[in-house]
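A short write-up of the structure that comes next.
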There are 2 protein chains.
Amino acid sequence: MDEEFRALRRHGYRLTPQRETIMKFMKTTPGHPTAEEVFSYVKQSFPSISFSTVYNTLRTLKKVGLIRELAYNPSRFESNVGDHYHVVCLNCNHIANFIWPSMKELQEEVEKQTNFRIAAQDVGFFGLCPGCRSKEKE
Amino acid sequence: MDEEFRALRRHGYRLTPQRETIMKFMKTTPGHPTAEEVFSYVKQSFPSISFSTVYNTLRTLKKVGLIRELAYNPSRFESNVGDHYHVVCLNCNHIANFIWPSMKELQEEVEKQTNFRIAAQDVGFFGLCPGCRSKEKE
DNA sequence: TTCACTGCAAAAAGTTTGCACTGAG
DNA sequence: CTCAGTGCAAACTTTTTGCAGTGAA
């Protein structure tokens, strides 16, 4: 975790207990929580924390590159910033990850076609998760 | 345009002047307007139209499959429902399209990896558009 | 000591809803 | 004639902001 705290300081941010708590939660949760979910969870071990601090902190952590924001509504966050992409269940909103090594090639193709300089991508697939598919058949 | 109107009726929806006006705008605009932009534009030729009618209509057109909603914040809409994907400029929010025939293969790969049944995808790349790139250098 | 951060409350931004009236079919 | 659609206003959800007090460095 020290690595993350150093990253904050390097960018000129202070290491407050609130940030530490939120960062710790983000590092340990396997899911893709919303700000609301982060708030609810973190409130258990840090009862006085406010909603806006959660929002501000998530934005700060994102700026430093420690977490990533997924553009759903509401936004979702994850501390796994490595190369992977998401599938979202249209029925239960469960999110799973998948990997795809050739994404870099697609990105180059996009730059060639559009003349944009690509900095980030959000590749989302939507469908029915295994659980919902089996329920569907019943 | 008759094709679109028939699609509405086929789904049991009535063809009102409001829907006709919005559909006509969506068909002719080359961009990816927000609900607000659709409202502002359509209001010029249909001054009495309300914001909620625009929202309701966009949702209806989407349900019938005549338009597609892009999950940005705010949502954006386009009548081009054919196979293409988007690049968004991080600086000016300009949206451009790109095509990529092997998307189907990636979708199959995703289904294999996750065991989801994929129904839709939203592939978005983010970066700097040609215009903003040249301004950046100055 | 200092100024970035917190907590609170209020506002903003985007979207949805309830309801009485209207007009498409 | 009937009921889906409209316009209006109000509610709701998600996110942002202003500000006085607090505590990390």
Side-chain angles (χ1 to χ4, degrees), chain A residues 1-2 4-25 32-64 66-77 93, chain B residues 1-2 4-25 32-64 66-77 93:
Chain A
M1 199 68 77
D2 290 351
E4 284 77 14
F5 299 158
R6 258 182 273 118
L8 272 175
R9 291 224 189 75
R10 195 180 331 120
H11 287 258
Y13 293 106
R14 292 183 180 170
L15 175 55
T16 65
Q18 289 89 338
R19 285 184 180 156
E20 195 173 334
T21 310
I22 292 173
M23 191 65 230
K24 208 171 288 174
F25 172 61
H32 306 76
T34 62
E36 171 68 47
E37 284 161 4
V38 176
F39 175 66
S40 298
Y41 193 92
V42 166
K43 206 176 171 58
Q44 291 173 30
S45 51
F46 207 119
S48 72
I49 201 167
S50 77
F51 209 86
S52 59
T53 296
V54 171
Y55 262 103
N56 290 336
T57 300
L58 290 171
R59 200 196 304 156
T60 300
L61 295 177
K62 180 184 167 187
K63 213 173 294 173
V64 177
L66 293 176
I67 65 171
R68 175 191 288 166
E69 178 174 5
L70 310 181
Y72 304 122
N73 205 269
S75 284
R76 293 179 168 276
F77 300 87
N93 286 313
Chain B
M1 198 68 76
D2 289 352
E4 283 79 14
F5 299 157
R6 258 182 273 118
L8 272 175
R9 291 223 188 75
R10 194 181 332 119
H11 287 257
Y13 292 108
R14 293 181 178 174
L15 176 55
T16 65
Q18 289 87 338
R19 284 182 182 159
E20 195 174 334
T21 309
I22 292 173
M23 191 65 230
K24 207 171 289 175
F25 172 61
H32 306 77
T34 62
E36 171 67 46
E37 284 161 3
V38 176
F39 175 65
S40 298
Y41 194 92
V42 166
K43 206 175 171 56
Q44 292 172 29
S45 52
F46 206 120
S48 72
I49 200 166
S50 78
F51 209 86
S52 61
T53 296
V54 170
Y55 261 105
N56 290 336
T57 300
L58 289 171
R59 199 194 306 156
T60 300
L61 295 176
K62 180 184 168 187
K63 213 173 293 172
V64 176
L66 293 176
I67 64 171
R68 175 191 289 166
E69 179 174 4
L70 310 182
Y72 303 122
N73 205 270
S75 284
R76 295 182 167 273
F77 300 88
N93 286 313

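Quick note on labels: first sequence line is chain A, next is B, and so on, each numbered from 1.
- Looking at heavy-atom distances under 4.0 Å, A:P47 makes no contact with the nucleic acid at all.
- Across all non-hydrogen atoms, the minimal contact from A:I22 to A:L61 is CG2-CD1, 4.1 Å.
- Closest approach of B:A7 and B:V64 over heavy atoms only: O-CG1, 3.7 Å.
- Rounded to an integer number of Å, the gap from CD1 of B:I22 to P of D:dG5 is 13 Å.
- Taking 4.5 Å as the limit, some side-chain heavy atom of A:L66 sits within range of a side-chain heavy atom of A:L8.
- Of the candidates A:F77, A:Y55, A:F51, A:F51 is the only one forming a ring pair (Phe, Tyr, Trp, His ring centres under 6.0 Å) with A:F39.
- Nucleic acid contact for B:T60: none, since no nucleic acid atom lies under 4.0 Å from a heavy atom of the residue.
- Protein atom CG of B:N73 is 11 Å distant from nucleotide atom P of D:dT14, rounded to whole Å.
- Taking atom CZ of B:R59 as the reference point, atom P of C:dG14 lies 17 Å away to the nearest angstrom.
- Out of C:dT15, D:dT6, C:dC5, the shortest distance to the side chain of B:F51 is found at C:dT15.
- The CD-P distance, from A:E20 to C:dC5, rounds to 15 Å in whole Å.
- Toward the 5′ end of DNA chain D lies the nearest nucleotide of B:G12, the other residue of the pair B:S48 and B:G12 mapping further downstream.
- Contact annotation for A:T34: no contact, since no heavy-atom pair falls under 4.0 Å across all strands.
- Between B:Y72 atom OH and C:dT15 atom C1' the separation is 19 Å, expressed in whole Å.
- Looking at heavy-atom distances under 4.0 Å, A:S52 makes contact with a base.
- B:Y13 comes within 4.0 angstrom of the backbone, heavy atoms only, and of no base.
- In this entry the distance linking CG of B:N56 with P of D:dA4 reads 14 Å, nearest Å.
- B:R76 pairs in a salt bridge (Lys or Arg N to Asp or Glu O under 4.0 Å) with only one of the listed residues (B:E69, B:E36, B:E37), which is B:E37.
- With D:dT6, C:dT17, D:dA25 as the candidates, the nucleotide lying closest to the side chain of B:T57 is D:dT6.
- Neither OP1 nor OP2 of C:dG23 sits under 4.0 Å from any side-chain N or O of B:R14.
- At the phosphate of C:dG23, neither OP1 nor OP2 sits under 4.0 Å from any side-chain N or O atom of B:Q18.
- Listed pair A:Y55 / D:dT16 fails the phosphate criterion, with no side-chain N or O lying under 4.0 Å from OP1 or OP2.
- Between A:S75 and D:dT15 there is a side-chain N or O to OP1 or OP2 distance below 4.0 Å.
- Note on A:S50: every side-chain N or O is 4.0 Å or more away from OP1 and OP2 of C:dC8.
- The interatomic distance linking B:E36 (CD) with C:dA12 (P) rounds to 16 Å, in whole Å.
- A:T53 comes within contact range of at least one nucleobase, with a heavy-atom separation under 4.0 Å.
- Between the P atom of D:dA4 and the CZ atom of B:R9 lies a distance of 16 Å, rounded to the nearest Å.
- Residue whose closest nucleotide on DNA chain C sits further toward the 5' end, between B:A35 and A:I49: A:I49.
- Between the CD1 atom of A:I67 and the OG1 atom of A:T60 there is a distance of 9.0 Å, given to the nearest 0.5 Å.
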